[in-house]
Each structure stands twice: as C-alpha cells, then as structure tokens.
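Since the structure comes first, as structure tokens, the remarks are kept for the end.
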4 protein chains.
Amino acid sequence: MVGFSQDVGMSKRINSPSGRPRSIQANQAILQATLDLLAEVGYQSMSIEAIASRAGVGKTTIYRRYTSKEELVADAIESLRADVAIPDTGTFWGDMDILIDNAAKKILSPLGRQTLALIISTASSNPQFAQVYWTKYIMPRREAFAQILQRAKSRGEIQPDADVDLITDLVSGSLYYALIFKPTAEPVDTYMHRTITLLLRGIGHGA
Amino acid sequence: MVGFSQDVGMSKRINSPSGRPRSIQANQAILQATLDLLAEVGYQSMSIEAIASRAGVGKTTIYRRYTSKEELVADAIESLRADVAIPDTGTFWGDMDILIDNAAKKILSPLGRQTLALIISTASSNPQFAQVYWTKYIMPRREAFAQILQRAKSRGEIQPDADVDLITDLVSGSLYYALIFKPTAEPVDTYMHRTITLLLRGIGHGA
Amino acid sequence: MVGFSQDVGMSKRINSPSGRPRSIQANQAILQATLDLLAEVGYQSMSIEAIASRAGVGKTTIYRRYTSKEELVADAIESLRADVAIPDTGTFWGDMDILIDNAAKKILSPLGRQTLALIISTASSNPQFAQVYWTKYIMPRREAFAQILQRAKSRGEIQPDADVDLITDLVSGSLYYALIFKPTAEPVDTYMHRTITLLLRGIGHGA
Amino acid sequence: MVGFSQDVGMSKRINSPSGRPRSIQANQAILQATLDLLAEVGYQSMSIEAIASRAGVGKTTIYRRYTSKEELVADAIESLRADVAIPDTGTFWGDMDILIDNAAKKILSPLGRQTLALIISTASSNPQFAQVYWTKYIMPRREAFAQILQRAKSRGEIQPDADVDLITDLVSGSLYYALIFKPTAEPVDTYMHRTITLLLRGIGHGA
DNA sequence: CATTAATCGAGACGGTACGTCCCGTCTTTAA
DNA sequence: TTAAAGACGGGACGTACCGTCTCGATTAATG
C-alpha cells in the first residue's frame, strides 16, 4: 500500500483500538474486485461504486481504507506476487531470451495490458504514485537484467566498464517504446533481439 | 482531423452538401478552448461542457463534430503546427544538442506535459488513435534525427551500415523512458548525452 | 387560422407580393402531419421537429407560418370539417339521443381525446387560444342544442321562458365533467339521460 | 403521496429498511419549492432542475422520490391542507353563497389557477392521476355540497327524492365549465346563482 | 427573357432541460 | 468502532428540441 504500515510482527500490540476491527475479508474482496475490474474495463472506466458492489462491500468501507482510486489500484497491484525468476542458462542470449519472453507474456494478459496503460498514463502526472510501480514492477526486472549483465561481464561477453544502469534504461526504454508505438510488425522478442545486437556492437566509427 | 479527407484534387467541388455549413469560427474556437483547457487542467479533468462554455459554443456544436473527447483532443493537437527545424551545425554532437534541447523545451511547457501524458496514456489502449500522434509528433522528429544520423554517416562519424530506424527507436525510447520514470536526477540533456555516448561505443566485447 | 385573413374573394388581387409564393402543398402537409401526431402522441409530446420531419418540410417553413405550437395546432384543428348535423326527429328525446351519441363518438376517437385534452389543458392558461375551440367545436354544438331546445319549447315540452343559454351551459358542463372525471361507471349516454331528466323536473320544492 | 402507505397502525415499526433514511427536510423543501414554482411560472414552464436548485437539493434527491413531474406536483398539491369548512347558516342560499365564494377565492390565487389548469390538463390524459385530485380537491367540496343539499331537503327546500350525486355533478360541472370557458362576463357567483335557480325550478313543462 | 426576391429543403447555430451515472460524504441499524 | 446500506448535494454526461440562422436551389411575377 502507498503509505500504510500496520505494525505487524511485534509480539504485543501497542495500540489496540477499541471497537470492531476492520474486516480482512473485506480487504481481500476489495482488492480482488479491483483487479477483476481493472482487467475487464480498464482503469478509467472503473468506478468505486462498481468495485464496492462487486466486492459486496459498502462504499464507505473502501473510502475508509483508500483516499483515491489511484491508491486503491496501487494497493491491488502491489498485492499481486511479482516473482521475477532470474534465469541462468550460462549464456547472455540464453538468459535474455527467457527474460524478454517473460516480460512479453506478462503484458499480453488483460491485466498486464491495463496495468501498463495505467503505469504509463499516470506516471507523468502522478510521480509519487509511479514510484509504486517502479518498485513493484520495474525494479525486479531491472535487477534481474543487471545480474544477467553482470554475469555476462564476468564471462567477458560485455565490456567490463559498461554502465549497467544506462544499458538497462536503454533496453527498458526500447521495450516500452516498442510496446506503446509498435514501430515494426515483427514480434517483440525478435525486435528486442535486433536492438540488443545493435547495442552490443555500438554504432560509433571506432567500433 | 482524424479520419476525414474531403474533396482532394478536384478543382470544382463535387458534392455541395445541403444545409447550413459548419462554422469555421466555431471550429477554431473549440480547438483553441480545448488546447487552453488541456494545458490548464489536463486531459482527465477537462469537461466537454467547460470546453463549450469557454469557446462560447453549444455542447451540440462540439458533439456534432466529435464523438469523443479523444477525437476532439486529437484534432486540437493535430491543428498545432509541429515545425521541427532540422539543425545542421556540421557535427553530430552539435546537431544532437539542438534537437534534444528543442524536444526538452517542447515538453517543459504545460501543453507539452499534458500532451505527452495524453499520448502515453491513450497510446496503448487506443492504437489507431496513437497513430495520429505518431504521424504528427514523432515522425517529424524521427525524420530530423534520421537526417542527422545520415549526415553523421557521410562524415564517417557513424558506421555506414548502422540501422538508422533501430537507432532512432533506441534513442526515442530512452528519451521517453527518462521522461516518464526519471531514472536519474540529472537534467535530461546530460542524461541523453551519456546515453548516446554509450550507444556510439557499444557495449559488446569487440568494441 | 388565428389571425390570418388572406384576401380571398376580391376579383383583383391588391397586393401580389413579389418572390416565390408559399407552397400550398407544404401548408397541407404540415397540417396533416400535425393532426397525425396530435392523435398519435398528444399535444405535449409533439415536437415541431417531428412535425417538420413527418411533413417532409423544413422547420423554417413551419415557423414562417406559425409563431407557436398552439397556433399551429389551432389551425390544424380548425382545418377539420366540423359538421354538426342538427337532428329533427320530432321529439326532444329523439333529437337529444342523436346529439349526445354524435358528441360521444367524436370524443372516443384518438384525435378527439387529444383535442379535448388540449382544449381543457390550454383553455385556462391561454384564453384567446381557447376561443378558437369555442368557435369551432363548441358553438356549432351549442347552436344545434339551442335549436333542439327551441323546437321543444314550441312543442310545449320545455318551459317557454327557460334560459336556453344557461341550460346549454348546464348540459355542456355536465357532459365535460363526466368526460373528465367519470363520476359513474355507466355509459355516457345513459348518464346524460339521467342528467337531463333531472334538469327537466327541477329539484325545487314547488316542482 | 400517490401510492405509498407505510406502517399504519402498528405501534412498533415492522421493517426498518437499511441505509440512511430519506431526509424529511429535503421532502419539505422539495414540496415547497414545487408549490412556489407552480404558482410562479406554471406547470409547463417548471423544470425539475429549477425545483432542485430552489429547494437547495440535488436533482437525484428528487428523482429518487418521484419518477415524473406529474407525480411530484401531485404530491406537492396533496401536501396542502384542503380544509373545506361546511357552512351552516340555516338556509340553502346562505350556505351556497359561502361555498361558492370559498371556491372562487381558492381559484383566484395564483396557485389555485395553476392547480386548476393542471387538474384539468392531466385529468383526461392520466386518469389514475386524476384520482388524486378527485380525492383531495373535489370530494371534500362534494361532501360539503351534499350535506348542504341534505339539510335543504330536511327543511323542505329541496325535493325529498332528488338525486344528490347527480345534482352535485351538474353544479360542479357547471362551475368548471364557467371557469374554463367563461361563457358570460358576469362574476362567477352571480352566474352560479342563476344556474342553481334554474336547476331548482326545472325546465320541464310540468314544473 | 433575364432579374429579382421570397420561399423551399436542409441542417448548423447557441441554448435549456432532460434523466442517468458517479463522485465523496453522511447517517442509519446491526454486529 | 466498523460494517452494509443507501441517501445526500453536486457535476458532467450525451440526447432531444427549442427557435434562429445560413446555405444553394426553386419558383413566380416583374422589368
């Protein structure tokens, strides 16, 4: 969630608020309904009322937990397991192929498409909110990518002084650009293959 | 406009439609009001009613022309002159600096920010609509970039067999990625400088 | 029509305005469409646009002739032939039965119902407009009724000094009251029979 | 209200519906605004939006309670106290004068005029709705009139076997007819005086 | 016989109101 | 205190007509 931390793990509860505790079933129902609707109708067309109705929950119960749709959706997405397995096939291209294939699969699902649209849509208008996605979605993949590059370095497949962050930016940016604007008709993995090949060679005269 | 092409090439109009013709003053007032409000409050917060009111026009007059806010805004943006001057300083870096500076300036304006947000927001959900932006915004810059690369090739600053399209994708993608996710705190032009340098050198072992 | 008189009957036209004369086919089409729609959807739900469309005529053509829906509808109704045959069976009751039957039939038609509703609806809010209906619809029947009463007088069936106007008001009022509020379940003609019988006898002590 | 009756007679409420109850202040504000506007601009020119605005209430709050303008106005009129005092002066004419005077006063007020127009307007097109007016407006006056007739009977001023209902219809019908079509220039009370005199005498030969 | 001028159909114009959908808040009773 | 239910004032939606206003095309009578 965006700004909530709820004191889990202390053996003795410090502040046990009186009154009825918040329903964890409501929590889950809300998040599930949010993800369902996100996948079905997309972020813009999604109304809080529809989420509440689908979750079998009062609107108040949602507003008590979240102050905006962004926050709610952010939490819903965060609640998903984002497990990025780091492949280790022994070769740079072997690892890359798996990584790209994973990313492509993720994005082909309805939820993936809508999530990407949402990320991109709100990223520039709502920077602190984009941070959630950065942490949840992009960082894991960047780390996986960085590790693959590192291993490629140690195998001598990559220059030892190459700026890993910048390379990651270039490759990530190129991937997103391809996904958004589809500059070619070829499949994403082929296209990325060409891109990375170009990047390996460099374009400068001395190369 | 998005899909209208009328009476091209024939010297005498073929079909003079009956009824009072659409007011071109209303056209312009609508487009101007749309651009104003886009810059002021952003795409999401913009209401058709507000546009009509600001343009001094009935809602009907807008709905007669456009069936959706997307279509209206697309036309408004398309109506802007997108003049991308192609610099020619004699050196690759001299040209690049000017191009990047221009792009950055464009995006720093309120309208530029909102437009970018809009492009990105709708690009993945509304592909045929993204085409408009591709043609209007991205293509001219790509062409400018391609020409600069070509000249750099002929001067021997760039490999003669480099894939210009792919390079353009890489640089464009990198630029958008930086604008959306701001991976570093440094200014955009410095960042792009580093990126292009990396690209020139390449990252492969043989470099 | 409400206020138009167009110089018919003079052998030489006095003012022959230049320009294209008004289409009499348009006139008729407008009136017919008005009556059709009046019968079909009623006065309130009738739009000028629908009339124009049904008549195959531009809205302007209607507005050039009429300044309001009331005026148009008034003229349409006025255009109908309101032929009230005055029965002469030789007896008061014989004549009355025919007259009442006629009136009931008129009102049972869709157009009759809607016209009555319209008369009643606008009568109190738009007195000068009610006049049209008075002249066109009510007067002929009143005159028929008066004549029947007169003949009944001369046959000695009715008191010689009875106030014919007032009697007519009473009977007319009673009929309309019955049609509007339906105080009994019996057919209108039976009800009117009872009413007139009562009126003949009187209710005072001396009777 | 038109068809709602709830919780009559039981000391403890049976069904306490969940959710926030309808605001009775909103109820009253809506009804008052409706009556105000009815008196000021009339039924036709009255918009739901204007009522909501005047009542300081959202449109939704009105639409939640009423599905049409008819229903709303019906309820507003019904909410008025319709207190018809039954005069008892000891003579038929004394009572009648007071009754007629009361009715005339009622109708001379702006609200009275508009209400009459509305009753009459919708009575024939919307029969089940006319019932409300019958019950609320006409019945009390009919009962008062019937009682006066009854007393006149017992005093021997009226025939003992006279059909009170039919007489009431005749007099009511005559009054409405006069109000709608204004057949004479004289004041309503004088006119009604003449009418009732005629009715007392009867018009038949034997009278 | 061309000119002239009003009319024709069509349909766009700036508006008003419609009835609906959500917004985010508030107010009930029940747990 | 939270829950569900649902009413609250409000804003915008997209539609239907209003009565007015151009358009190009007719249609007589006049010059």
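Lettering follows sequence order; numbering is per chain, from 1.
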Euclidean distance, atom CD1 of residue B:Ile24 to atom P of F:dC23 [Å, nearest integer]: 10 Å
A:Arg64 side chain, from C-beta outward: closest of E:dT7, F:dT2, F:dT20: F:dT2
Modelled atom types, side-chain donor and acceptor of B:Asn27 and B:Arg65, under 3.5 Å: yes
Contact under 4.0 Å: C:Arg22 side-chain N or O vs F:dT26 OP1/OP2: no
Pairwise side-chain contact, A:Leu38 with A:Ile77, heavy-atom cut-off 4.5 Å (strictly under): yes
Test item: D:Lys59 side-chain N/O and D:Ile51 main-chain N/O as donor-acceptor pair under 3.5 Å: no
Gap between atoms CZ and P, on B:Arg20 and E:dA12 respectively (whole Å): 10 Å
B:Arg54/B:Glu40 ion pair, N-O < 4.0 Å: yes
Given F:dA4, E:dG9, F:dA5, the nucleotide with the shortest approach to the side chain of A:Thr61: F:dA4
Separation of atom CD in C:Gln25 from atom P in E:dT7, rounded to whole Å: 16 Å
Sub-4.5 Å side-chain heavy-atom contact between B:Ile48 and B:Leu72: yes
Between F:dC18 (C1') and D:Gln44 (CD): distance, integer Å: 15 Å
5' priority, DNA chain F, between D:Ser18 and B:Pro21 [closest heavy atom]: D:Ser18
Protein proximity profile, nucleotides 11-16 of chain F - base contact B, sugar-phosphate-only contact S, no contact -, cut-off 4.0 Å on heavy atoms: -BBBB-
